[in-house]
Amino acid sequence: MAMHFIFSDKVVLLFDFWSVHSPAGIALSVLVVLLLAVLYEGIKVGKAKLLHQVLVSLPTSISQQVITETDWDSAASDLPPVSRTHHRWYLRHFGQSLIHVIQVVIGYFIMLAVMSYNTWIFLGVVLGSAVGYYLAYPLLRMD
């Protein structure tokens, strides 16, 4: 395995079955890695937007939340209002944790792909990251 960047159409990426031996194979592999990088940037921006929405929706205090929920829909539920608030928070937190795990796994796959030291793969990651950020950044506009 080379410990410096090389231009080659022969590379093994991430798994033994992802072995590339042709120019068409390297082009397809670069496209896959590029799309992974776009997805990574999209998840990163989406996670930030989701966190912002959760923080904005948090009550200023639990007592204020209890008053609001008691006035609106306490008769519609058999759970106490504070319990429903904690349950919703737990579900949101679990969802954010799951998204974080997906982001970390994709990030490590991208890092390991770059560690193949194939220049084409590296350029695919860089271009995918740039395209992903360009496409996802406007979604960060916090309305």
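Numbers for residues simply follow the sequence, beginning at 1.
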What heavy-atom pair brings Ser29 and Trp18 nearest, and what distance separates the two atoms?
-> OG-NE1, 2.9 Å
Do Phe122 and Asn118 come close enough that some side-chain heavy atom pair is under 4.5 Å?
-> no
Take Val131 and Leu34 through the test side-chain contact (heavy atoms from CB on, under 4.5 Å) and record every step on the way to the result.
-> CA-CA 9 Å; Val131 168; Leu34 185 141; 5.6 Å; no
In Å, rounded to the nearest 0.5 Å, how long is the span from CG of Leu14 to CE of Met115?
-> 11.0 Å
Spell out, as yes or no, whether a donor-acceptor pair under 3.5 Å connects the side chain of Ser129 to the backbone of Val125.
-> no
I would like to know whether Val12 and Ser116 meet side-chain contact (heavy atoms from CB on, under 4.5 Å); could you show each step before the answer?
-> CA-CA 7 Å; Val12 176; Ser116 70; over 6 Å; no
Roughly how far, to the nearest 0.5 Å, is the CG atom of Leu39 from the CD1 atom of Ile106?
-> 4.0 Å
Rounded distance (nearest 0.5 Å) linking atom CG of Leu98 with atom CD of Gln103 | 12.0 Å
Side chains of Val30 and Leu123 in contact at under 4.5 Å (non-hydrogen atoms) = no
For the hydrophobic clusters of this structure (ILVMFWY residues joined by side-chain heavy atoms under 4.5 Å, transitively), does one cluster hold both Ile43 and Tyr108?
-> yes
Considering residues, nucleotides and ligands other than Phe94, do more than 12 of their heavy atoms fall under 6.0 Å from its CZ?
-> no
Is there a path from Phe15 to Ile26 through hydrophobic residues (I, L, V, M, F, W, Y) whose side chains come within less than 4.5 Å of each other?
-> yes
Pair Gln96, Lys47: side-chain N/O donor-acceptor within cut-off below 3.5 Å = no
All heavy atoms of Gly42 vs all of Ala136, minimum pair found to be CA-CB, 4.1 Å
Going by the angle between their ring planes, with limits at 30° and 60°, are Tyr117 and Phe5 parallel, tilted or perpendicular?
-> perpendicular
Honestly curious: do Phe7 and Leu28 fall in one hydrophobic cluster under the side-chain, below-4.5 Å linking rule?
-> no
Hphob cluster co-occupancy, Leu35 + Val114, side-chain heavy atoms under 4.5 angstrom | no
Separation between OH (Tyr133) and NZ (Lys44), nearest 0.5 Å, reads 7.5 Å
Going only through I, L, V, M, F, W and Y residues with side-chain contacts under 4.5 Å, is there a path from Leu31 to Ile110?
-> no
